[in-house]
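To keep things clear, I will list the structure first and then write my remarks on it.
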Amino acid sequence: MALKLYNTLTREKEDFSPIDPKNVRMYVCGPTVYDFAHIGNARPVIVFDLLFRLLRHTYGAQAVTYVRNVTDVDDKINARAARDFPGLALNDAIREVTSTTEAQFQADVTALGTLAPTVQPRATEHIAEMIALIEKLIASGHAYAAEGHVLFDVPSMPDYGRLSKRPLDDMIAGARVDVAPYKRGEMDFVLWKPSADDEPGWQSPWGRGRPGWHIECSAMSWKHLGEVFDIHGGGIDLLFPHHENEVAQSRCAFGHDVMANVWMHNGFLQVEGEKMSKSLGNFLTINQLLADWPGEVLRFTMMKTHYRQPIDWTVKSLEESWKTLDDWYWFVGDTPGTKPAKAVVEALADDLATPKMIAELHALRNAAQRNGGEGARDALAGSLRFLGFLADTPDAWAARRKTSVSVDVEQVEALIAARLSARKHKNWAESDRIRDELAGLGVVLKDAKDPASGEMKTTWEVKR
RNA sequence: GGCCUCGUGGCGGAGUGGUUACGCAGCGGACUGCAAAUCCGUGUACUCCGGUUCGAAUCCGGACGAGGCCUCCA
């Protein structure tokens with residue numbers, strides 16, 4: 001089956017063909033661990049988890065290496081550590097910030113139904129590779145040391161700007177970058193910078209210092225995936241300068257035409273039509289959302305929009321998603337299917353066309369309904385599991401609504417029993433009165449005849 | 001100023017040079033004591049102005065509008 005992916009490098013949808021089908025290699029920029037991950041951070045996590053699953057399906061589960069890094073050295077981390085743990089020595093404070101933030105991140109993304117990447121390397125464990133890379137760049141004339149800094153010499157790379165389509169001349173004309181005395185060119189960026197005694201640092205040929213922002217991804221992708229690999233992913237905001245500079249570092253260090261063959265970028269996320277920002281007060285962390293919504297609801301909501309489109313994150317959309325998943329959980333029941341439907345895989349294979357994929361899921365559901373076909377129901381169940389859904393049992397899923405608002409379960413059950421008794425005696429006035437009373441508590445009833453016994457049975461759920 | 005997206009029915013959201021996307025909501029019907037849930041059915045669209053074409057919502061040009069990046073950011 002042909003897999004097509006949109007490549008930012010060529011701005012075209014291309015047939016994907018791996019360098020080595022026995023080892024398909026993908027790198028995705030992971031979090032800088034200084035604060036709770038927000039819902040925007042969840043987007044690439046979910047998008048590339050889907051791609052990971054698709055690649056495993058296509059090439060075999062053992063034939064895909066997915067690397068998502070953890071950046072645990074950064075000046076934002078240092079600032080956070082100093083602010084939050086003023087009593088601790090800086091290194092202890094930093095460890096406190098990075099370890100708790102990373103643990104939180106892992107818990108969050110697990111709740112979103114994602115598979116663990118093959119490797120999750122940490123920047124601080126790859127300082128030696130970074131130094132080696134910087135030495136290669138200096139040796140090949142693409143970097144220079146100055147006043148304890150090492151800078152990448154941007155003009156030494158003729159096609160710098162190719163990935164983000166920013167000609168160098170234009171950038172210099174509109175540059176809003178720091179003019180530092182040790183820089184030769186305005187666009188030159190830092191590979192290594194000196195650390196003061198109270199800042200985290202490592203010994204290097206240029207003195208005690210720490211890495212610049214972009215070098216860690218070049219070092220970690222090199223270490224775990226090699227000099228050239230198949231797919232590099234991340235958010236569109238990283239395209240420039242982060243990815244452009246990664247490419248510059250890796251290509252100039254190793255002398256290849258490309259760093260990764262395919263570059264994929266997910267679009268931005270807005271919240272209720274506005275940019276998400278702390279100042280607007282609409283900053284949503286994954287953790288906060290998980291308090292109100294099942295992880296699968298967040299996951300499905302993300303899939304309703306194609307990954308390259310901007311997504312507007314709204315409560316209305318979340319509510320719709322929950323309803324859709326309710327129906328599928330109920331409809332699928334304990335159907336055992338484990339294999340995804342061909343149409344679902346094909347939709348995904350077309351540059352992760354998740355809206356098309358969702359339409360195919362609805363089509364399976366409708367087909368199963370019309371023909372009573374177990375084949376379609378099996379395929380729906382298998383597809384949903386393949387996509388990272390149906391982790392709950394149907395009962396556990398249904399119970400999530402009951403626990404999302406606090407109600408007195410015993411009281412509700414007692415009222416339902418009273419109502420059933422009233423109905424048995426055709427006391428409709430009393431029956432309706434009880435139903436209204438429950439509605440006042442936020443409880444909605446569903447009556448059904450048990451097909452086996454013909455007995456009336458009432459189930460209930462909490463309406464938000 | 002430079003670069004990049006995008007403008008589709010009440011809402012969300014695909015796709016395509018000539019044929020139903022899909023979902024939610026709405027509406028009609030079945031079921032029900034009445035509802036809810038479920039089932040069956042169903043209307044509404046392609047920002048504007050030019051051009052290419054037998055034919056454009058789909059291609060090209062322009063206008064208007066929305067958003068993003070260029071500085072930490074998924």
Side-chain angles (χ1 to χ4, degrees), chain A residues 8 11 28-32 34-35 37-48 68 74-76 79 161 164-167 169-178 187 213 233-244 265-270 273-278 283 286 300-314 316-324 326-327 330-331 347 350 353-363 365-366 369-370 422-423 426-429 431-432 435-436 438-439 443-449 456-461 463:
Chain A
T8 308
R11 314 274 158 156
V28 175
C29 290
T32 299
Y34 71 102
D35 200 357
H38 57 70
I39 190 60
N41 300 117
R43 194 168 190 194
V45 169
I46 291 170
V47 165
F48 292 104
R68 186 180 63 208
D74 185 280
D75 288 352
K76 287 195 294 286
S164 58
K165 290 245 191 314
R166 286 160 204 268
D169 297 349
D170 292 5
M171 275 188 280
I172 291 170
R176 280 196 264 165
V177 291
D178 284 344
M187 294 304 296
W213 174 31
I236 186 73
D237 55 306
L238 291 180
L239 179 57
F240 188 89
H242 183 57
H243 289 163
E244 195 66 56
H265 292 94
N266 61 269
F268 236 68
L269 176 145
Q270 288 195 303
E274 290 184 304
K275 182 175 169 124
M276 178 167 66
S277 73
K278 284 176 180 164
F283 195 86
I286 301 173
F300 185 70
T301 300
M302 213 59 98
M303 292 180 187
K304 291 201 292 196
T305 303
H306 183 85
Y307 77 93
R308 284 191 277 120
Q309 296 294 114
I311 187 171
D312 189 14
W313 191 263
T314 64
K316 187 164 178 255
S317 182
L318 287 164
E319 280 169 350
E320 264 190 36
S321 299
W322 200 336
K323 259 164 76 170
T324 302
D326 275 349
D327 178 66
W330 166 80
F331 188 79
D350 182 13
T354 49
K356 175 83 162 68
M357 171 198 89
I358 290 171
E360 298 295 348
L361 293 172
H362 287 298
R365 197 260 189 234
N366 292 336
Q369 173 66 39
R370 268 196 298 278
R423 293 190 60 195
K426 298 199 190 298
N427 187 349
W428 309 124
S431 164
D432 290 353
R435 186 169 66 201
D436 290 347
L438 283 166
V443 172
V444 177
L445 303 181
K446 296 181 202 173
D447 293 332
K449 267 201 185 101
M456 264 304 183
K457 251 183 77 178
T458 298
T459 57
W460 60 282
E461 70 177 35
K463 256 284 185 307

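Naming convention: chains lettered A, B, ... in sequence-line order (proteins, then strands); numbering from 1 in each chain.
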> Can you check the A:I358 CD1 to B:G15 C1' distance for me, whole Å?
Replying inline: 15 Å
> Out of B:G67, B:G23, B:A21, which has the shortest distance to the side chain of A:Q270?
Replying inline: B:G67
>> Can you give me the closest heavy-atom contact between A:S164 and A:L239, atom names plus distance?
In response: CB-CG, 3.8 Å
>> Of the options B:C22, B:A74, B:G13, whose atoms approach the side-chain atoms of A:A359 most closely?
In response: B:C22
> If you draw the axis of the six-membered ring of A:F331, does the NZ or CZ of A:R365 fall within 45° of it and under 6.0 Å from the ring centre?
Replying inline: yes
>> Please report the distance separating the C1' of B:U52 from the corresponding atom of B:C60, rounded so that it comes out in whole Å.
In response: 7 Å
>> On a heavy-atom basis, which atom in A:T354 and which in A:M303 lie closest, and how many Å separate them?
In response: OG1-O, 2.7 Å
> Hey, does the side chain of A:N366 reach the backbone of A:A363 with a donor-acceptor pair shorter than 3.5 angstrom?
Replying inline: no
> What is the nucleic acid contact for A:N427, judged by heavy atoms within less than 4.0 Å: base, sugar-phosphate only, or nothing?
Replying inline: nothing
>> If I take atom NE2 in residue A:H243 and atom P in nucleotide B:C4, what distance separates them, rounded to the nearest angstrom?
In response: 19 Å
> Which atom pair, heavy atoms only, marks the closest approach of A:C29 to A:H243?
Replying inline: SG-NE2, 3.3 Å
> Can you tell which of B:A36, B:A74, B:A14 lies closest to the side chain of A:V444?
Replying inline: B:A36
>> Which heavy atom of A:R423 sits nearest to which heavy atom of A:S431, and what is that distance?
In response: CG-OG, 3.3 Å
>> Could you tell me how far apart A:D312 (CG) and B:G7 (P) are, to the nearest whole angstrom?
In response: 15 Å
> Once you round it to whole Å, what is the distance between P of B:G67 and CG of A:D237?
Replying inline: 18 Å
>> From C-beta outward on A:P355, which listed nucleotide comes closest to its side chain: B:G23, B:A14, B:A74?
In response: B:A14
> Contact class for A:H265 vs. all strands (heavy atom < 4.0 Å): base, sugar-phosphate, or nothing?
Replying inline: nothing
>> Please enumerate all residues that pass side-chain hydrogen bond (donor to acceptor under 3.5 Å, both in side chains) together with A:T8, with sequence neighbours excluded.
In response: A:H265
> Between A:M303 (CE) and B:C22 (P), how many Å, whole number?
Replying inline: 21 Å
>> Categorize A:K323 for me: base, sugar-phosphate, or nothing, with a 4.0 angstrom heavy-atom threshold over every strand shown.
In response: sugar-phosphate
>> If I take atom NZ in residue A:K316 and atom C1' in nucleotide B:G12, what distance separates them, rounded to the nearest angstrom?
In response: 6 Å
>> Base, sugar-phosphate or nothing for A:R365? Non-hydrogen atoms, less than 4.0 Å.
In response: sugar-phosphate
> So what does A:S317 hit on the nucleic acid, given a heavy-atom distance under 4.0 Å: a base, only sugar-phosphate, or nothing?
Replying inline: nothing
>> Regarding A:Q309, tell me which of base, sugar-phosphate or nothing describes its non-hydrogen contacts under 4.0 Å with the strands shown.
In response: sugar-phosphate
>> What is the separation between atom CG on A:L318 and atom P on B:C24, rounded to the nearest whole Å?
In response: 16 Å
> What's the shortest heavy-atom distance between A:P310 and A:T305, and which atoms?
Replying inline: O-CG2, 3.6 Å
> Which part of the nucleic acid does A:G234 contact within heavy-atom distance under 4.0 Å: base, sugar-phosphate only, or nothing?
Replying inline: sugar-phosphate
> Could you state the CZ-P distance from A:F268 to B:A74, rounded to the nearest angstrom?
Replying inline: 8 Å
>> Pairing donors with acceptors under 3.5 angstrom, does anything connect the side chains of A:K304 and A:S317?
In response: yes
> Can you tell me how far C1' in B:G50 sits from the matching atom in B:U16, rounded to whole Å?
Replying inline: 23 Å
> Which part of the nucleic acid, if any, lies within contact of A:L269, taking any heavy atom under 4.0 Å across all strands shown: a base, the sugar-phosphate backbone alone, or nothing?
Replying inline: base
>> Counting runs of three or more consecutive pairs, Watson-Crick or G-U wobble, with each distance below 3.5 Å, where are the stems of RNA chain B?
In response: B:1-7 with B:64-70, B:10-12 with B:22-24, B:26-30 with B:38-42, B:47-51 with B:59-63
> Can you give one letter per nucleotide of nucleotides 27-35 of chain B, going 5' to 3': B for a protein heavy atom under 4.0 Å from the base, S for sugar-phosphate only, - for none?
Replying inline: ------BBB
